[in-house]
Every structure is written in C-alpha cells, then in structure tokens.
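Accompanying notes for the structure given below.
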Amino acid sequence: MKKTKRFLRDTAVLTAAALLMRAAGVSFNVYLTNQLGAAGIGLFQLVMTVFSMAVTFASSGIRLASTRMTVDALSKDHADAGKVLHRCLGSILAVACCVMAALYAAAGWISLNWLYDARAAQPLRLLAFSLPFISMSAALSGYFTAIRRAGAYAGVQLAEQLIRVVSTVFFLHRLSGRGLEASCMAIVLGSCLSDFGSFLISYCFSRWTVRSQRNQRKKMPHLIQRLLHIAVPDAIGSWIRSVLLTVEHLLIPIGFQKSGISSENALATYGTIHAMTLPVLLFPSCILNSLSSLLVPEIAEYHALRQTRQIDAIISRVLYAALLFSLLAAGIFYAYAGELSLAVYHNEDSRPFLQLLSVLVPVMYLDMTVDGMLKGLDQQLSSMRYNMIDSALCVVLVYFLIPRYSVKGYIITLFVSEILNFYLSLRRLIQVSAFQLHWKWILTPILCMGGSVLGVRMIAKAVPSAPPSSVVWLICSILATATVYLFVLFCAGCITRKDIRWCASLFRPEQKGMASLLKKNTGASI
C-alpha cells in the first residue's frame with residue numbers, strides 16, 4: 001500500500017507542478033506574443049527549433065538511461081546509485097561540450113543558410129552555453145524519477161520557470177525598443193539563466209540524496225555497456241528525428257511563401273500554429289506526461305523482476321483512463337475553441353486550428369502514454385525506428401504538400417504523422433505484452449463525450465447570466481462538461497462501481513501494493 005500511495009502522491013505532485021508550469025508557460029507565451037508580435041514569435045520559434053535540435057544531440061538518451069540504470073541498481077543489482085549518476089553526468093557532459101562548441105561555431109552559417117535571417121546568429125551563440133547544464137539536468141531528472149523524488153523534481157521545475165519568467169521580463173524591459181534581435185536576445189538570456197539555476201538546484205539536492213543512500217557499496221556490473229545499450233538507441237533515434245523535425249520546421253515557412261503567402265505572413269502563420277495553438281492543445285497533457293514519466297521506473301522494475309501480470313494490469317488500466325481523459329479534452333477544445341482563443345490570446349486567430357487539431361488530441365495524448373510504457377519495457381529500439389519513420393514522412397509531406405495546399409497541406413501532414421506514429425507504437429505494445437484492444441470500449445466513450453459536450457454547450461449558451469466571452473462562463477462550462485461526462489460514462493457502464501471501489505481502496509491502509517490492487521480490480525480495459 002505504501003508503494004501505491006507513493007505512486008499516486010508522486011503523480012499528483014508532478015501533475016500539479018506541470019499544470020502550474022503549463023499555465024505559466026501559456027500566460028508567458030501570451031506576453032511574449034504581445035511583445036514581439038506574431039512575426040517576431042515566429043522568428044523566435046525558428047531559433048528555438050535549431051536550438052532544440054542541439055539540445056537533442058546534447059542530451060538524448062541520458063534521462064532514460066539514468067532512470068533505468070538507477071532502478072536496476074536499487075532493485076536488481078543492489079549497487080551504489082550515486083556511482084551510476086556520476087557516470088551518467090560525466091558521460092553526458094563530454095557530449096554536451098562537443099555540441100556546444102559546434103553550435104557556437106556554426107551559428108552564423110545556420111542563421112544565413114538555414115533560417116535566412118542574420119538576426120538569429122547571436123541568440124544561437126548565447127544559447128549554446130546552456131547545453132551542458134540542460135544535459136546534466138536531464139540526467140539528474142532521470143535519477144530523481146527513479147528514486148521516486150517527484151516533489152524535488154517538481155520544485156526544481158517550478159524554480160526554473162520562475163527564474164525564466166522573471167529574468168526574461170527584466171531583460172525585455174531593459175532592451176525594449178532596440179529591435180527584434182534585441183528582444184530575442186532578452187528571451188534567450190532569461191532561458192540561459194533558468195537552465196543554469198535549474199542545474200545548480202538539482203545538483204545540490206542530488207548530492208544530499210546520494211549521501212543518504214550510501215548503504216549500498218556494491219559496484220554495478222557492466223555499467224558502461226548497459227549505459228550505452230539504453231542511451232544509444234534512444235539518442236540515435238532522437239538525433240535523426242530532431243534533424244528531420246528541424247528540416248520540417250524550416251521548410252514550413254518556405255512552403256508557405258511558395259504557396260503565395262508573404263514572408264511576414266508566413267512567419268505569422270507558423271507562429272500561430274506552433275506558438276499559440278499547440279501550447280493550448282497540449283496544456284492538459286501534462287497530467288499524462290507526469291503519469292508517463294513515472295510509469296517508466298514502475299514498469300522497468302516489474303520488467304526487471306519479470307512480473308508480467310502486474311505490467312499488463314497497469315497497461316490496461318492506465319491506457320483506458322488516458323483514453324477517457326483525452327476524449328474529454330478533445331471535446332472541450334472543439335466545442336469551446338473560440339472562447340478559449342479569446343480568453344488566452346484576446347483574439348480568434350487560433351480558433352480554426354484549435355478545432356481542426358482537437359480531433360488529434362486523443363491520438364497525441366495516448367501516444368505519450370504508450371511511449372512511456374514502451375521505454376519501461378526496454379523497447380527504445382522500436383521507439384527509435386517509429387520516430388525515424390514518422391519524421392521522414394513529415395519532411396516529405398511538408399516539402400510536397402505545403403507549397404501546393406498551404407495551411408491545409410500542413411494540417412494533413414500533422415494528421416498523417418501523428419496517427420502513423422501512434423499506430424506503430426500501440427501495435428508494438430500489444431506485441432510485447434498481453435494487453436488486448438477491445439474496440440467496444442472506444443466507441444461508447446466517444447458517444448458519451450459527444451453527447452455531454454453538445455448538451456452542456458447548448459444549455460450554457462442559453463443561460464443569460466454571463467456572456468459566452470466571459471472567462472467565468474467558460475470555466476463553469478468546462479467544469480459542467482467534465483461533470484456530465486463522468487456521469488454519462490457511469491450510466492453507460494464505462495466507469496463501474498468496481499472502478500470506484502478500486503479508487504477508494506487506494507486510500508485504505510489494509511490494502512497492500514499497487515500491483516495487487518491492479519491485479520485484483522482490473523476493471524474495464526480498452
């Protein structure tokens with residue numbers, strides 16, 4: 001029971017922190033959009049696309065390796081987790097320094113030949129110095145996840161976001177009126193300070209936790225080989241996908257221009273989709289992201305101990321819960337797209353994209369959950385292969401479709417890539433586990449979601465007490481939709497009394513262990 005409560009507590013802590021960070025991030029994004037304009041935020045997104053590729057090269061694979069190896073050290077090998085962490089930090093620091101030097105040296109060439117804007121050179125050079133701290137922070141976050149220190153990890157994330165917001169606002173105020181390049185530099189300076197602060201806090205806390213676990217002195221066998229076995233496939237897949245993703249994102253504004261849109265409008269359209277629409281769509285996914293990150297050490301531990309029945313029980317229940325949640329989010333985004341756009345950005349520029357892409361929300365959310373399960377099952381090679389296929393297809397579709405169909409071509413690209421990636425990942429999960437997919441558990445929740453959203457929407461619009469543009473009206477409508485949706489799911493049998501008793505049993509001291517609870521009350525599965 002202690003393990004169950006710890007898992008639920010960690011999930012709740014990470015979710016709360018992620019919700020706060022997403023809320024702060026979306027609000028901060030609104031502020032940046034107002035400061036830079038749609039074209040300015042589009043240029044900044046292009047700079048961050050290149051930098052994201054550099055981060056991928058500098059840190060990919062280390063978080064998963066740190067998590068998996070720490071779990072093995074503590075549960076199977078009974079080895080010193082501190083030595084594992086130090087080896088992970090040293091290895092990724094060497095890689096990050098090489099990538100930092102390469103990005104700094106190539107910043108001018110990249111800005112002229114990739115981004116076609118010389119103003120991007122200085123921000124890229126400054127961002128290069130953040131790479132070692134970001135990479136080592138990734139290793140530390142994997143360590144905290146493995147030792148179930150979700151509170152510490154959440155605190156570090158919140159501190160990082162606070163430093164980023166405060167420092168960016170300060171630098172923007174000091175550099176205001178000096179042009180778009182100066183504004184980008186202000187944002188980059190804030191990002192660099194937050195990355196350094198996050199690493200410093202994480203490292204200091206890790207020193208304390210390592211000292212408290214010195215009771216295990218045994219050396220972990222084949223440490224380097226196991227590190228490479230986990231990190232290299234994940235890293236190579238991430239590298240290839242990042243390169244292809246960068247090419248894709250650089251081709252998008254170029255494709256918009258070829259379709260007849262001006263340079264400024266191309267950047268504005270790109271910024272509307274990536275800096276305004278996607279952050280809103282992905283906001284609720286932080287709940288599943290938190291759950292997914294915690295599932296990696298949980299499933300990895302069961303996998304190391306060959307406890308397949310517990311793994312299958314976790315997969316069935318978590319995927320079903322993720323499906324129900326993602327359908328609710330999709331319905332709300334579709335029904336309240338205009339109101340959400342007005343409430344967040346005070347305009348309706350993102351409304352059509354919110355409605356179109358809301359259909360993809362269940363696919364995107366479930367793919368996040370499945371990806372965490374596959375990594376816990378030592379299936380990083382499969383994830384690498386699927387990500388490479390997905391990214392290569394995206395580049396081809398962007399190159400051919402956007403110049404001809406403009407925005408419609410890019411929407412088609414998003415749909416094809418997301419659905420293909422999810423299909424391949426889910427098929428692999430079914431192959432490596434005893435999990436079975438029951439289509440009847442998909443259709444009924446969809447009907448429940450549609451009826452709930454449509455009914456509450458019609459009633460809410462008929463209430464004259466608050467205008468539809470009111471934030472209070474929007475919040476009440478969303479809460480009412482969620483309440484009705486849960487009630488309809490219960491009436492339709494998608495949520496049963498057994499599920500309710502299972503949730504209640506999690507808080508009773510007489511129950512023992514998460515695995516036994518999952519095994520005893522498997523309930524409805526997809």
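- With hydrogens and angles left out, the side-chain atoms of Arg351 and Ser341 include no donor and acceptor closer than 3.5 Å.
- Between Ala329 and Val361, the shortest heavy-atom distance links the atoms CB-CG1, 4.1 Å.
- Interatomic distance, Arg428 CZ to Arg385 CZ, rounded to the nearest 0.5 Å: 6.5 Å.
- The OG1 atom of Thr168 lies 6.5 Å from the CG atom of Leu172; values are rounded to the nearest 0.5 Å.
- Heavy-atom minimum distance, Ser198 versus Val156: OG-CG1, 3.4 Å.
- With respect to the salt-bridge test (charged N to carboxylate O, under 4.0 angstrom), the residues Arg457 and Glu339 qualify.
- Tyr405 has its ring centre no less than 6.0 Å from the ring centre of Tyr410.
- For the atom pair CE (Met185) and SG (Cys192), the distance works out to 8.5 Å, reported to the nearest 0.5 Å.
- Side-chain contact check for Tyr320 versus Cys494: some heavy-atom pair is nearer than 4.5 Å.
- Shown here for Ser66 and Ala139, the closest heavy-atom pair between the two residues is OG-O, 2.8 Å.
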One pair to check against side chain to side chain contact (heavy atoms under 4.5 Å, CB included): Met364 and Leu357. What are the steps and the verdict?
CA-CA 10 Å; Met364 292 189 293; Leu357 297 178; 5.6 Å; no
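- Between the Ser60 side chain and the Ala235 main chain, no donor and acceptor come within less than 3.5 Å of each other.
- Within 6.0 Å of OH in Tyr334 there are 12 or fewer heavy atoms belonging to other residues, nucleotides or ligands.
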Throw together a table of side-chain donor-acceptor distances under 3.5 angstrom for residues 480-493, partners on residues two or more places apart or in other chains.
residue	atom	partner	partner atom	Å
Thr481	OG1	Tyr336	OH	3.4
Thr481	OG1	Ser477	O	2.7
Thr483	OG1	Leu479	O	2.9
Tyr485	OH	Leu324	O	2.9

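- Residues Phe205 and Phe144 have side chains in contact (heavy-atom distance under 4.5 Å, counting atoms from C-beta outward).
- Put simply, the side chain of Tyr143 never gets that close to the backbone of Arg63: no donor and acceptor are under 3.5 Å apart.
- Evaluation of the ring pair (Phe, Tyr, Trp, His ring centres under 6.0 Å) rule for Phe333 yields no partner, not counting sequence neighbours.
- The side-chain heavy atoms of Ile412 and Leu397, taken from C-beta on, include no pair separated by under 4.5 Å.
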Test Ser191 against Leu127 for side chain to side chain contact (heavy atoms under 4.5 Å, CB included), laying out the working first.
CA-CA 8 Å; Ser191 177; Leu127 283 169; 4.3 Å; yes
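- Contact annotation: the side chain of Val471 never approaches that of Leu342 to less than 4.5 Å [non-hydrogen atoms, C-beta and beyond].
- Using a 4.5 Å cut-off on side-chain heavy atoms (C-beta onward), Leu429 and Leu319 make contact.
- The shortest distance between side-chain heavy atoms of Glu160 and Asp195 falls below 4.5 Å.
- When atom types are taken as modelled, the side chain of Ser425 and the backbone of Phe422 share no donor-acceptor pair closer than 3.5 angstrom.
- A distance-only check finds no donor-acceptor pair linking the side chain of Asp390 to the backbone of Met388 [under 3.5 Å].
- Across all non-hydrogen atoms, the minimal contact from Val395 to Val247 is CG1-CG1, 4.1 Å.
- Heavy-atom minimum distance, Ser59 versus Ala138: CB-CB, 4.3 Å.
- Without hydrogens or angle criteria, Thr272 side chain to Ser350 main chain gives no donor-acceptor distance under 3.5 Å.
- The backbone N or O of Gly409 lies less than 3.5 Å from a partner atom in the side chain of Thr413, making a donor-acceptor pair.
- Note that CD1 of Ile134 and CD1 of Ile92 are 12.0 Å apart. Values are rounded to the nearest 0.5 Å.
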Leu424 vs Arg427, side chain to side chain contact (heavy atoms under 4.5 Å, CB included): CA-CA, chis, key distance, verdict
CA-CA 5 Å; Leu424 294 174; Arg427 187 186 65 172; 3.9 Å; yes
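- Side-chain contact between Gln379 and Ser382: present, with at least one pair of heavy atoms (C-beta onward) separated by less than 4.5 Å.
- The CG atom of Asp367 sits 4.5 Å away from the CG atom of Asn421 when rounded to the nearest 0.5 Å.
- With contacts defined as side-chain heavy-atom distances shorter than 4.5 Å, the pair Met368/Leu282 qualifies.
- Under a cut-off of 6.0 angstrom, the local environment of CZ in Phe415 is crowded, with over 12 non-hydrogen atoms contributed by other residues, nucleotides or ligands.
- Each of Cys394, Ser417, Ser391 was checked for a side-chain contact (heavy atoms from CB on, under 4.5 Å) with Glu248, and the lone residue meeting it is Cys394.
- Atom CG of residue Leu162 and atom OG of residue Ser167 lie 9.0 Å apart, to the nearest 0.5 angstrom.
- Here the closest heavy-atom approach between residue Leu377 and residue Ile299 is recorded as CD2-CG2, 3.7 Å.
- Note on ring orientation: taking the six-membered ring where Trp is involved, the planes of Trp239 and Phe57 are parallel (angle under 30°, cut-offs 30° and 60°).
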Could you walk me through whether Phe51 and Val188 satisfy the side chain to side chain contact (heavy atoms under 4.5 Å, CB included) test, starting with their C-alpha distance in whole Å, then the side-chain angles of each, then the deciding distance to 0.1 Å, before giving a yes or no?
CA-CA 11 Å; Phe51 180 64; Val188 166; over 6 Å; no
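- Using modelled atom types, no side-chain atom of Ser285 and backbone atom of Leu281 make a donor-acceptor pair closer than 3.5 Å.
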